Structure formats: structure tokens, C-alpha cells
Amino acid sequence: MSPDHPPGLDLDRLRVLLDRERPGLVTGPLSGRLIEGGRSNLTYAVSDGAARWVVRRPPLGHVLATAHDMRREHRVISALHPTDVPVPRPVLLCEDEEVLGAPFYVMEFVEGTPFRTAEQLAPLGPERTRAAVLNLVDTLVGLHAVDPAEAGLADFGRPDGFLDRQLRRWAKQLDASRNRDLAGIDELHATLGRELPRSPAPTVVHGDYRLDNVLIGGENDEIRAILDWEMSTLGDPLTDLGLLAMYSSPLGMPDSPVSTTAQALGHPAPAELIERYATRSGRDVSGVAWYTAFAWFKLAVILEGIHYRYTLGQTVGRGFDRIGDLVPVFIEHGLTTLQKG
């Protein structure tokens, strides 16, 4: 298909739907393009020449609808939009698979940049980089301050037993990808299970909170929108903090196919981010080492799954041949984090 008619996006059917459900919203012929960079669900930018929107749908040929729940994503941004949490304005949810072949939703297009690497941050300079990352923490504090019941999200998840279920879920994912010996992975999982912390009061959890899942823009480099809510739920807020700390830690692997922004000049160290979160949220973060180690474990499992699919010839593209080398690095970081506490 042409760039203006990417696979999975039938612009004619979308136009009919929008004209019916949101009369007057679209004022000209629609064009669309796939936004690169998403890891799971597909994201398209759509325009009528005067305004722009974003369409989000599951991958083509997906099987497990529960893993790509459009209703869930649309619900959480709809609930958070009236709050101070920066999310795109939702336009509509369509669960009729006759339109695009799968459920999808439409939201406003937000201008901004998702910074994925230290190289992309370099033009900002150390001071702006530091401010942007600290603002990332402050925005997370704001998300975790939202009362789920007041936002209409009281039933958005099952907070009881949240950490135990998370551990079991990722252990199951690991077992599904086992095709080689991974030194330390079972020790890391077992230790996490033995030292399970007591969770604070549940909050809305993003589930994949990091710098390249937010849009930064404007003169003051403010966070204009938090994106990619597919893993959001009600649960332990410190899982978001642990993941952010992990993504702010240098991997120690030059030319890694999985990059973090930690090496950017001015990027605050994980300890400073954790302390800022503690000060601004008032939460006890004394057990954050467990959450950070869990983040290392979770990413090790995800990467091993990618490596396993690569060995089966199911994944093609640049860098996939080196993913397997990263897994032991993530395992070692997890074990070290637990040992140091």
C-alpha cells in the first residue's frame, strides 16, 4: 500500500465512521502514515490537511485480544484527561472490527519528541536534559497522586497480590522462551519471590514508564503527553519507579541494540530520581532495590523472548542478532541490585 494508505488503516472506512460519530470533525480528504517506534500496538498519524489525529490499533494478525486491549487504553486516557496528568484528548473508541479489522481508538495528535537515546538528547545540552528527566519524575508523582476511584478507575485492576502475580506472569513468559541455559535467571526469580515487599496503597500504574514513552516539547521542554498505556493497571506504584530507575542506569555495553538515555550528559543518576520521587510523593522508597531488580528481570525475560523468536527465524531486522547477548547483562544487573540493596 502507499505511504498514505498504510496496512491496517482503511482511510475511507475511518472517514465514514468519523463523519457519523463526530460530524464536522473532518473537513478534507484523510491521509495517514504509520508512526515508527512502537513495540506492540500500531500507531498512525492521520490528517485532513487542517488537523491531525492519532489512530491506535492492535498489530496485524494479532491473536490474543487481551494483550492489545483498545478499550482499556481508551478508558485510562479518558479517565485521566480531566486530571493534571498529561494525556492526549480521546476522540472515540470503535470496537466494530468491520471498520479496520480490529478494535481501535482515535485521539488528538500531540506535538512533541520521544527521546529514545543519549544521542537524541545531546542537542538539548546537560541542563535541559537534566530538567527534562527530573520533570519525568515529577509527572510520575502526579500520575500516582490521582485517586483511582475519583477518576472512575476503581475497578481498573486487582491490586491485591499484584507483585506476586507479576512475578508469576513473567516466570511463565520465561518458561515459554527457554531454549538455552541462562546463568542466574532462576536465582534472580527465586530471590525476588522470597523478598516480596509489602506494597503501598495502589495507584494507577503506567507499566512502561520511561523517557521515550512521553512527548516533550515547548520552550520549557514540558511533558506534553504520556503515551503507550497498554500495560496500565491498578497496582504498586513503585513498579513504575523501579522501571524508571532501571532505564536510567548505564548498561555498560557500547553499541547495545537496546539503548537507554543514561549516558546523556546531564542525565540524573537513578539515586537522584528515586530521592526526588520520595520527597515529592511522600512514599517510603526504602525497598526500591527490589522493584529495580524486578525491572531488570522483566526486561531480561522480554529480551529472551525476542532472542528466542530470532533463533526460530520469526524476527528479522537490524540488531536482533545481538539481543541474546544482552540477556545475561540484565540478569547480572538484577542480581547485583538485590545484593547491594
Side-chain angles (χ1 to χ4, degrees), residues 35-38 43 45-47 50-54 56 73 76-91 107-147 151 203-229 232 237-238 240-250 259-283 285:
I35 298 176
E36 301 291 343
T43 307
V46 175
S47 175
R52 286 185 290 176
W53 304 273
V54 168
R56 191 141 157 98
E73 282 195 44
V76 71
I77 67 168
S78 298
L80 292 175
H81 188 256
T83 74
D84 292 333
V85 178
V87 294
R89 179 179 59 85
V91 176
M107 58 185 170
E108 71 171 336
F109 184 95
V110 178
E111 288 280 3
T113 302
F115 290 98
R116 294 188 171 90
T117 66
E119 289 73 24
Q120 290 174 339
L121 279 170
L124 269 64
E127 291 186 7
R128 289 175 63 192
T129 292
R130 173 178 168 78
V133 178
L134 292 178
N135 195 19
L136 188 67
V137 177
D138 297 345
T139 304
L140 183 63
V141 171
L143 169 63
H144 292 166
V146 171
D147 185 314
T203 69
V204 177
V205 171
H206 181 274
D208 197 16
Y209 193 77
R210 48 199 169 90
L211 198 59
D212 64 333
N213 271 341
V214 303
L215 295 176
I216 294 177
E219 292 183 1
N220 298 318
D221 299 322
E222 69 265 17
I223 293 179
R224 291 187 158 181
I226 306 173
L227 306 176
D228 292 353
W229 291 88
S232 60
L238 298 184
D240 277 342
L241 180 63
L243 193 72
L244 183 58
M246 187 217 74
Y247 275 116
S248 301
S249 303
S259 59
T260 73
T261 56
Q263 299 286 13
L265 292 178
H267 197 295
E272 182 177 359
L273 302 183
I274 292 166
E275 179 60 31
R276 188 177 182 95
Y277 179 90
T279 300
R280 302 215 164 191
S281 70
R283 287 188 178 85
V285 300

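Only a predicted model underlies this, so the values are computations on that prediction, with no experimental measurement involved. Throughout, residue positions are numbered sequentially from 1 according to the sequence presented.
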Write down the atom of [X], the atom of [Y], and the distance for their closest heavy-atom approach.
X: Phe109; Y: Ala45; value: CE1-CB, 4.1 Å
X: Asp228; Y: Asn213; value: OD2-OD1, 2.8 Å
X: His144; Y: Asp240; value: NE2-OD2, 3.0 Å
X: Ile77; Y: Pro88; value: CD1-O, 4.1 Å
X: Ala262; Y: Ser249; value: CB-C, 3.6 Å
X: Tyr209; Y: Leu243; value: N-CD2, 3.7 Å

Original post:
Do we see a donor-acceptor contact under 3.5 Å between the side chains of Thr43 and Arg56?
Top reply: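 Distance-only check passes for Thr43 and Arg56.
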**OP:** Walk me through it: do His267 and Thr129 pass the test side-chain hydrogen bond (donor to acceptor under 3.5 Å, both in side chains)?
**Re:** CA-CA 6 Å; His267 197 295; Thr129 292; over 6 Å; no
Subject >> Donor-acceptor contact below 3.5 Å, side chain Glu272 vs main chain Pro268 >> reply: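 No, the answer is negative, given that no donor and acceptor are paired below the 3.5 Å cut-off.
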Original post:
Ignoring hydrogens and geometry, is there a side-chain-to-backbone donor-acceptor pair from Thr279 to Arg276 under 3.5 Å?
Top reply: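 Not at all, since once roles are kept as given, no pair shorter than 3.5 Å links the two residues.
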Taking atom [atom1] of [X] and atom [atom2] of [Y], what is their separation to the nearest 0.5 Å?
X: Ile216; Y: Asp221; atom1: CD1; atom2: CG; answer: 7.0 Å
X: Phe115; Y: Arg210; atom1: CZ; atom2: CZ; answer: 15.0 Å
X: Asp147; Y: Thr203; atom1: CG; atom2: OG1; answer: 10.5 Å
X: Leu238; Y: Leu244; atom1: CG; atom2: CG; answer: 12.0 Å
X: Asp212; Y: Leu121; atom1: CG; atom2: CG; answer: 10.0 Å
X: Leu143; Y: Ser281; atom1: CG; atom2: OG; answer: 12.0 Å

Subject >> ring-ring contact (aromatic ring centres under 6.0 Å, His included) partners of Trp229, counting only residues at least two apart >> reply: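 Checked Trp229 against ring-ring contact (aromatic ring centres under 6.0 Å, His included); matches are His206.
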Original post:
For Glu275 and Arg280, what are the C-alpha separation, side-chain angles and deciding distance, and is it a salt bridge (charged side-chain N to carboxylate O under 4.0 Å, His left out)?
Top reply: CA-CA 9 Å; Glu275 179 60 31; Arg280 302 215 164 191; over 6 Å; no
